[in-house]
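Given the structure is predicted, the values throughout are model-derived calculations rather than measurements. Start at 1 with the first residue, then count along the sequence.
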Amino acid sequence: KSFHKFGSVFLAEVGTAQLEFNALSRITKNNTYSEISMGVYPHIRNIGSMGGLYPCHLNLDTPNWASNQLSFGGLGDSFYEYLLKVYLQTGDQALRKMYDDSVDGAVNTLLKQTAGGLWYLHDTVDVGKMEHLTCFTGGLLALGAHTMDKNRADYKSRYARDMGLAANLTYTCWQ
């Protein structure tokens with residue numbers, strides 16, 4: 001039974017311990033830590049995304065999303081960050097695909113520009129503003145662009161898009 005008030009956990013909660021547990025497994029030579037923490041990814045893939053993005057609330061009692069809220073900010077931020085970093089740690093191509101799909105989803109669903117020319121990622125609840133926890137995204141996009149497979153067909157266009165977006169989002173956060 002859930003200890004959480006509404007029977008759900010935040011997406012960021014289930015996607016933020018994998019790096020550490022993978023390292024713990026490596027150091028202790030006990031794969032149990034890694035296997036348990038990494039088990040969340042197939043579960044989330046099986047539930048499915050919404051245009052590449054994953055809702056911010058995961059139901060603990062059924063294998064479903066508990067909301068339709070989408071965000072790269074609070075409630076979702078660490079999940080998206082760890083998709084790329086755990087891919088870099090493990091080489092798991094399924095995680096790289098989830099990361100790439102989530103960036104596409106953010107561009108297609110959450111990316112907006114102000115009348116003054118500032119680019120931002122809103123969430124689907126607070127449309128029209130970007131919260132401060134989203135400001136990590138510039139660095140994440142740059143890391144993702146620099147670690148992208150240079151042999152992929154869309155490498156040049158995706159690299160240019162992601163690096164441009166990284167610069168624009170970082171500039172917005174600096175303002």
Side-chain angles (χ1 to χ4, degrees), residues 2-27 33-60 63-111 119-127 129-148 162 165-166 169-170 172-174:
S2 167
F3 291 101
H4 289 271
K5 183 177 181 181
F6 299 109
S8 66
V9 292
F10 301 133
L11 181 64
E13 288 178 300
V14 299
T16 58
Q18 288 75 17
L19 286 172
E20 293 81 3
F21 280 109
N22 288 341
L24 183 61
S25 283
R26 189 180 67 250
I27 292 166
Y33 307 109
S34 178
E35 289 168 3
I36 290 171
S37 69
M38 294 294 288
V40 72
Y41 293 122
H43 179 71
I44 288 175
R45 278 194 305 273
N46 287 338
I47 298 172
S49 71
M50 297 174 74
L53 297 171
Y54 299 89
C56 293
H57 301 91
L58 180 63
N59 191 314
L60 289 173
N64 294 302
W65 298 113
S67 78
N68 290 326
Q69 181 181 2
L70 304 170
S71 178
F72 257 65
L75 310 180
D77 53 345
S78 300
F79 175 81
Y80 295 109
E81 174 189 2
Y82 272 48
L83 282 178
L84 180 61
K85 291 180 177 179
V86 175
Y87 156 73
L88 293 173
Q89 183 187 53
T90 66
D92 184 340
Q93 291 297 319
L95 297 179
R96 180 65 200 217
K97 180 169 179 8
M98 288 173 74
Y99 167 77
D100 288 339
D101 290 349
S102 70
V103 171
D104 291 341
V107 167
N108 295 331
T109 306
L110 306 177
L111 183 63
W119 290 94
Y120 67 98
L121 293 173
H122 68 90
D123 78 25
T124 55
V125 171
D126 291 322
V127 177
K129 69 177 188 173
M130 180 168 81
E131 65 169 307
H132 72 284
L133 291 175
T134 310
C135 287
F136 82 98
T137 308
L140 181 69
L141 289 168
L143 180 62
H146 284 287
T147 58
M148 188 183 323
D162 291 358
L165 185 54
L169 291 174
T170 301
T172 297
C173 290
W174 178 67

Donor-acceptor pair, [X] side chain versus [Y] backbone, under 3.5 Å?
X: Gln69; Y: Val125; value: no
X: Gln89; Y: Asn22; value: no
X: Ser78; Y: Ala12; value: no
X: Gln18; Y: Met38; value: no
X: Thr172; Y: Trp119; value: yes

Is the shortest heavy-atom distance from the side chain of [X] to the side chain of [Y] under 4.5 Å?
X: Ser49; Y: Asp101; value: no
X: His43; Y: Val14; value: no
X: Leu70; Y: Pro55; value: yes
X: His57; Y: Trp65; value: no
X: Asp162; Y: His146; value: no
X: Thr124; Y: Leu110; value: yes
X: Ser34; Y: Arg26; value: no

Q: Determine whether more than 12 heavy atoms belonging to other residues, nucleotides or ligands lie under 6.0 Å from atom CZ of Phe136.
A: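 More than 12 within 6.0 Å, yes.
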
Using every non-hydrogen atom in the two residues, find where [X] and [Y] come nearest and quote the distance to one decimal.
X: Cys56; Y: Gly76; answer: SG-N, 4.5 Å
X: Leu141; Y: Ala166; answer: CB-CB, 3.9 Å
X: Tyr120; Y: Met130; answer: CB-CB, 3.7 Å
X: Ser71; Y: Glu131; answer: OG-OE2, 4.1 Å
X: Tyr33; Y: Ser25; answer: CB-OG, 3.3 Å
X: Leu83; Y: Ser102; answer: CD1-OG, 4.3 Å

Roughly how far, to the nearest 0.5 Å, is the [atom2] atom of [Y] from the [atom1] atom of [X]?
X: Leu121; Y: Thr109; atom1: CG; atom2: OG1; result: 10.5 Å
X: Leu95; Y: Lys85; atom1: CG; atom2: NZ; result: 14.0 Å
X: Leu165; Y: Thr170; atom1: CG; atom2: OG1; result: 8.5 Å
X: Asn68; Y: Leu53; atom1: CG; atom2: CG; result: 12.0 Å
X: Met148; Y: Leu84; atom1: CE; atom2: CG; result: 10.0 Å

Q. With sequence neighbours excluded, what pairs up with Tyr80 under the ring-ring contact (aromatic ring centres under 6.0 Å, His included) test?
A.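 For Tyr80, the residues satisfying ring-ring contact (aromatic ring centres under 6.0 Å, His included) (neighbours in sequence not counted) are Phe72.
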
Q: Apply the test side chain to side chain contact (heavy atoms under 4.5 Å, CB included) to residues Ile36 and Phe21: give CA-CA distance (whole Å), side-chain angles for both, the deciding distance (0.1 Å), then the verdict.
A: CA-CA 9 Å; Ile36 290 171; Phe21 280 109; over 6 Å; no

Q.
I'd like to check the salt bridge (Lys or Arg N to Asp or Glu O under 4.0 Å) partners of Asp92; sequence neighbours left out, ordered by chain and number.
A.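 For Asp92 there are no salt bridge (Lys or Arg N to Asp or Glu O under 4.0 Å) partners, ignoring immediate neighbours.
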
Q) Taking the six-membered ring where the residue is Trp, are the ring centres of Phe79 and Tyr54 under 6.0 Å apart? A)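 Here the rings of Tyr54 and Phe79 have centres that are less than 6.0 Å from each other.
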
Q: Could you walk me through whether Asp123 and Thr134 pass side chain to side chain contact (heavy atoms under 4.5 Å, CB included), step by step?
A: CA-CA 10 Å; Asp123 78 25; Thr134 310; over 6 Å; no

Q: For the residue pair Tyr82 and Glu20, confirm or rule out a side-chain donor-acceptor distance under 3.5 Å.
A: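 Yes, Glu20 and Tyr82 have a side-chain donor paired with an acceptor closer than 3.5 Å.
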
(Q) Applying side chain to side chain contact (heavy atoms under 4.5 Å, CB included) to Leu88 and Leu143, what does each step give before you reach the verdict? (A) CA-CA 10 Å; Leu88 293 173; Leu143 180 62; 4.0 Å; yes

Q: With side chain to side chain contact (heavy atoms under 4.5 Å, CB included) as the test, would you mind laying out the steps for Ile44 and Met98 before giving the verdict?
A: CA-CA 10 Å; Ile44 288 175; Met98 288 173 74; 4.2 Å; yes

